[in-house]
Number of protein chains: 4
Amino acid sequence: MRISDKHQKIIDAAVNVFAEKGFFNARISDIARQAGVADGTIYLYFNNKYDILISLFEEEIGKIILEVKKLIEKEEDPRRMLEIFIAQHLGLVRRRKSLAEVLQMELRQSNKFMREYRNTKFIEYIDIISAIIRKGQEMGVFRPEVKPGIAKRAIFGAIDECARLWILNPDTTYDINETAAQVSRIFLAGLEQPSVQ
Amino acid sequence: MRISDKHQKIIDAAVNVFAEKGFFNARISDIARQAGVADGTIYLYFNNKYDILISLFEEEIGKIILEVKKLIEKEEDPRRMLEIFIAQHLGLVRRRKSLAEVLQMELRQSNKFMREYRNTKFIEYIDIISAIIRKGQEMGVFRPEVKPGIAKRAIFGAIDECARLWILNPDTTYDINETAAQVSRIFLAGLEQPSVQ
Amino acid sequence: MRISDKHQKIIDAAVNVFAEKGFFNARISDIARQAGVADGTIYLYFNNKYDILISLFEEEIGKIILEVKKLIEKEEDPRRMLEIFIAQHLGLVRRRKSLAEVLQMELRQSNKFMREYRNTKFIEYIDIISAIIRKGQEMGVFRPEVKPGIAKRAIFGAIDECARLWILNPDTTYDINETAAQVSRIFLAGLEQPSVQ
Amino acid sequence: MRISDKHQKIIDAAVNVFAEKGFFNARISDIARQAGVADGTIYLYFNNKYDILISLFEEEIGKIILEVKKLIEKEEDPRRMLEIFIAQHLGLVRRRKSLAEVLQMELRQSNKFMREYRNTKFIEYIDIISAIIRKGQEMGVFRPEVKPGIAKRAIFGAIDECARLWILNPDTTYDINETAAQVSRIFLAGLEQPSVQ
DNA sequence: TATGAATGAGACTTCATTCAT
DNA sequence: AATGAATGAAGTCTCATTCAT
């Protein structure tokens, strides 16, 4: 195992603590306690508090990218691919609520940091969407005038906002599956060639 | 003048400072300096740092709601209304970049706060979208199976994410007008009754 | 009237506020509000917060000295005089509870101040006791070996501590009259010439 | 060692600083400097500034109670016990002047706090006096009509006030031993059964 | 005289980070 | 590698005092 067991324990603890309190209100000692290590131990694995957040983000989103890519590459139909991406992203909220909260929060974190940190993992993630769209356009399934660079943002934003709602009010909101279905339908209708219908 | 001049000066300064540094990295003394008042003066107008953020949000989004409602109520066609809402929201980013940054950041602020603070102004804002959709459905323009409560989130999320991109990389990205046009087209196509076309 | 009406209003307000919150926790604005004047007005009558405390003390204890002296000088018997002094001091607690609290607190205030401020009014007050004792010794009523300078402290301390108890727990404690009677009896027995009995 | 070395160091430093400046004028950094620790270290041992005062009080008065009880329980004669209590209390002033100052100050501290904080240690301390008196009454040495609950306050107040005088003007006042002797004599004469004499 | 908005120095407290063990 | 006690910088907020009106 390249990455120590404790490294992952700390990441997991940080996910929970950041999700509960937010990055700035989270204390290193909270993370340490939840990870079952001493405060100082954290600094053997991470440079500083912000480094935990960045590492967490890169590693966890890396895993998510692998998962969703594996699911998508089995498919042929770009429409189906998009449905899978959307369902997968929203499914993450149910399966790993705290992680979803942190990833979401992080993207909007203090802009000073975001500007400094070129978030390549996140770009890789949403570029899955634009790749799907491009493929659909090549296949003549999606309308050619849609700009994949804009559409990917629109689609990601839409599902992320639905996720945010669900995170804040898990009970009072629409069922996640239904949300995924609705969002998929809207975007598919919005992207498809009229002639295709 | 109901609200003192200094109240607004502090809000304006806070918008700039929060946008630049983020809420947690912003210091009260930064805001005070930029507002041209003493640190203590801020506490004559706001209870605490977080109260500045909340007040800022409520007051500024209140103005935005008024503006966009005024524009929309002149229109008859729900499709046009949606275009206006989208264009208006994205236009805000160009006209008032710092404000847009803060409002965006704020929505994802430390979830602990967000859970406590029922963000009624924000809900009022996105309910403009669902009202438009409902109207379109009544008029037979938009598809009846679309759930306005989900679609409003999707649409808001899409434009907000596009705004975020533009805020972070104003230069390298698509033109705002083009973005608005693309997003409008996707959603209109996604919402419209096939028969209408 | 030599001393303005507002001067007394501020003193009265300060008595209440100091009694309720203590000197350090009391705010000038509290006193101003209770006195029905503006914060700044207080500084037309007093140099600073501590000056209010000193003035309050000197003026109010001055009145108390006058009152008790007037009562005592009607008497011939030093034993009766002592009883009157004790009853009068404890009676103050019932009649003017807040004032009693402040005077008491003040005597033990931050020693830095107490050392700087020679509390002549207070000395004048307890010297009434030593004068009574001396008179009693001259008349052969009180034992000559008692040192008036020590006895005055002991007597004042005893009644002040009883007052303190009553201030803190007005309900659960002995009746004030009974306390006065008991304390008088103890000290009279302690001071009188055995032969006198 | 149950309580860390630093805990006691901070208490000792606080005694000195509170005695010199008073509780409210004392700064945490003063205490830290005098204790030879960092400011933050204080908060590893105490919750807040006021907690230092309370802890100091409880712990130090606890020790004093133990000492005086040990001395008293060797005696049979209640008169002698009272003398010992008085001498011991006044002796404390000479041996531990700063501590005496703080304990005294504390009893009259901002009444808001005193009302909240049921000062059980102090009550335990002065209940030593009432226990002595009750014992003397049972033995027929002290007069039965004296109420121990009042007398304990009177005696404590008397010696505390003498202590206060000595703390403020150590030079110009009576010798502590003489004061103790005088106060003892007054109270013994005041308490004893006439027939006993 | 009177006001009360404004000032700004200063204190308590927190907590990321270090380092001796 | 691991600990966790200790550090000390830094920020929010308070409030006595001032001064233009």
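Source: prediction; values computed, not measured. A, B, ... follow the sequence lines: proteins, then strands. Residue 1 opens every chain.
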Peer 1: Between D/I42 and A/V37, which residue's closest nucleotide on DNA chain F lies nearer the 5′ terminus?
Peer 2: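 The residue whose closest nucleotide sits nearer the 5' end is A/V37.
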
Peer 1: Grab the CG-C1' distance between B/L53 and F/dT12 for me, whole Å please.
Peer 2: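 Those two atoms, CG and C1', are 16 Å apart.
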
Peer 1: Just to verify, what does B/E60 make a side chain to side chain donor-acceptor pair (under 3.5 Å) with, not counting sequence neighbours?
Peer 2: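 Checked B/E60 against side chain to side chain donor-acceptor pair (under 3.5 Å); matches are B/Q8, B/K63, B/R96.
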
Peer 1: Counting Watson-Crick and G-U wobble pairs with both distances under 3.5 Å, what is the dot-bracket string for DNA chain F, 5' to 3', using [ ] for crossing pairs and | for pairs to another strand?
Peer 2: .||||||||||||||||||||

Peer 1: Could I get the full list of ring-ring contact (aromatic ring centres under 6.0 Å, His included) partners for A/Y43, not counting sequence neighbours?
Peer 2: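 A/Y43 satisfies ring-ring contact (aromatic ring centres under 6.0 Å, His included) with no other residue.
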
Peer 1: Between D/L44 and C/L44, name the one whose nearest nucleotide on DNA chain E is closer to the 5' end.
Peer 2: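 That would be C/L44.
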
Peer 1: Could you state the atom-to-atom distance from CG of D/D5 to C1' of F/dA5 in whole Å?
Peer 2: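 My rounded result for the distance is 13 Å.
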
Peer 1: Could you give the CG-to-P distance, from B/N25 to F/dT12, as a whole number of Å?
Peer 2: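 Going from B/N25 (CG) to F/dT12 (P), I get 10 Å.
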
Peer 1: Expressed as a whole number of angstroms, how long is the span from D/I52:CD1 to E/dA11:P?
Peer 2: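 That distance rounds to 15 Å.
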
Peer 1: List for me each residue that meets ring-ring contact (aromatic ring centres under 6.0 Å, His included) alongside A/F57, sequence neighbours excluded, and say none if there are none.
Peer 2: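 Scan of A/F57 (ring-ring contact (aromatic ring centres under 6.0 Å, His included), adjacent residues dropped) gives none.
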
Peer 1: Could you tell me how far apart D/I31 (CD1) and F/dA6 (C1') are, to the nearest whole angstrom?
Peer 2: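 About 18 Å, once rounded to whole Å.
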
Peer 1: So, using ring-ring contact (aromatic ring centres under 6.0 Å, His included) as the criterion, who are the partners of C/F46 when residues are at least two apart?
Peer 2: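 If we apply the ring-ring contact (aromatic ring centres under 6.0 Å, His included) test to C/F46, skipping adjacent residues, the hits are C/H7.
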
Peer 1: Nearest to the side chain of A/R27, heavy atoms from C-beta on, is which of F/dT7, E/dA16, E/dG8?
Peer 2: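 For A/R27, the side-chain atoms sit closest to E/dA16.
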
Peer 1: For C/A14, which residues count as a side-chain contact (heavy atoms from CB on, under 4.5 Å) partner, sequence neighbours excluded?
Peer 2: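 C/A14 satisfies side-chain contact (heavy atoms from CB on, under 4.5 Å) with C/F18, C/I31, C/I52, C/L56 once adjacent residues are dropped.
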
Peer 1: How many whole angstroms separate atom NZ of C/K9 from atom P of E/dT1?
Peer 2: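 Spelled out: NZ on C/K9 to P on E/dT1 is 14 Å.
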
Peer 1: Once you round it to whole Å, what is the distance between P of F/dA2 and CZ of A/F46?
Peer 2: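 Between P of F/dA2 and CZ of A/F46: 12 Å.
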
Peer 1: When you measure from the side chain of B/K21 to the backbone N and O of B/R27, does any donor-acceptor pair fall under 3.5 Å?
Peer 2: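 No, the answer is negative, given that no donor and acceptor are paired below the 3.5 Å cut-off.
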
Peer 1: So, OP1 or OP2 of F/dA5: does either fall under 4.0 Å of a side-chain N or O from D/Y45?
Peer 2: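 D/Y45 to F/dA5 OP1/OP2: no side-chain N or O under 4.0 Å.
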
Peer 1: What is the distance from atom CD1 of B/I167 to atom CD of B/Q104, rounded to the nearest 0.5 Å?
Peer 2: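 Taking CD1 in B/I167 and CD in B/Q104, the distance rounds to 4.5 Å.
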
Peer 1: Figure out the CZ/P separation between A/F24 and E/dT14, and round it to whole Å.
Peer 2: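 The answer, rounded to whole Å, is 19 Å.
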
Peer 1: Taking side chain to side chain donor-acceptor pair (under 3.5 Å) as the test, write out the residues that go with C/Y125, two or more places apart.
Peer 2: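 Testing C/Y125 for side chain to side chain donor-acceptor pair (under 3.5 Å), a comparison that skips the adjacent residues, returns C/H89.
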
Peer 1: Within the 4.0 Å heavy-atom criterion, would you say D/A26 contacts the bases, only the backbone, or no part of the nucleic acid?
Peer 2: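 Here D/A26 touches the backbone only, sparing every base.
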
Peer 1: Atom pairs, N/O to N/O, protein against nucleotides 17-21 of chain F, distance under 3.5 Å?
Peer 2:
unit_1: F/dT17; atom_1: OP2; unit_2: C/Y43; atom_2: OH; d: 2.8
unit_1: F/dT17; atom_1: OP2; unit_2: C/K49; atom_2: N; d: 2.9

Peer 1: Keeping to residues at least two apart or across chains, list the salt bridge (Lys or Arg N to Asp or Glu O under 4.0 Å) pairs with something in residues 33-45 of chain B.
Peer 2: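 Only B/D30-B/R33 qualify under salt bridge (Lys or Arg N to Asp or Glu O under 4.0 Å).
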
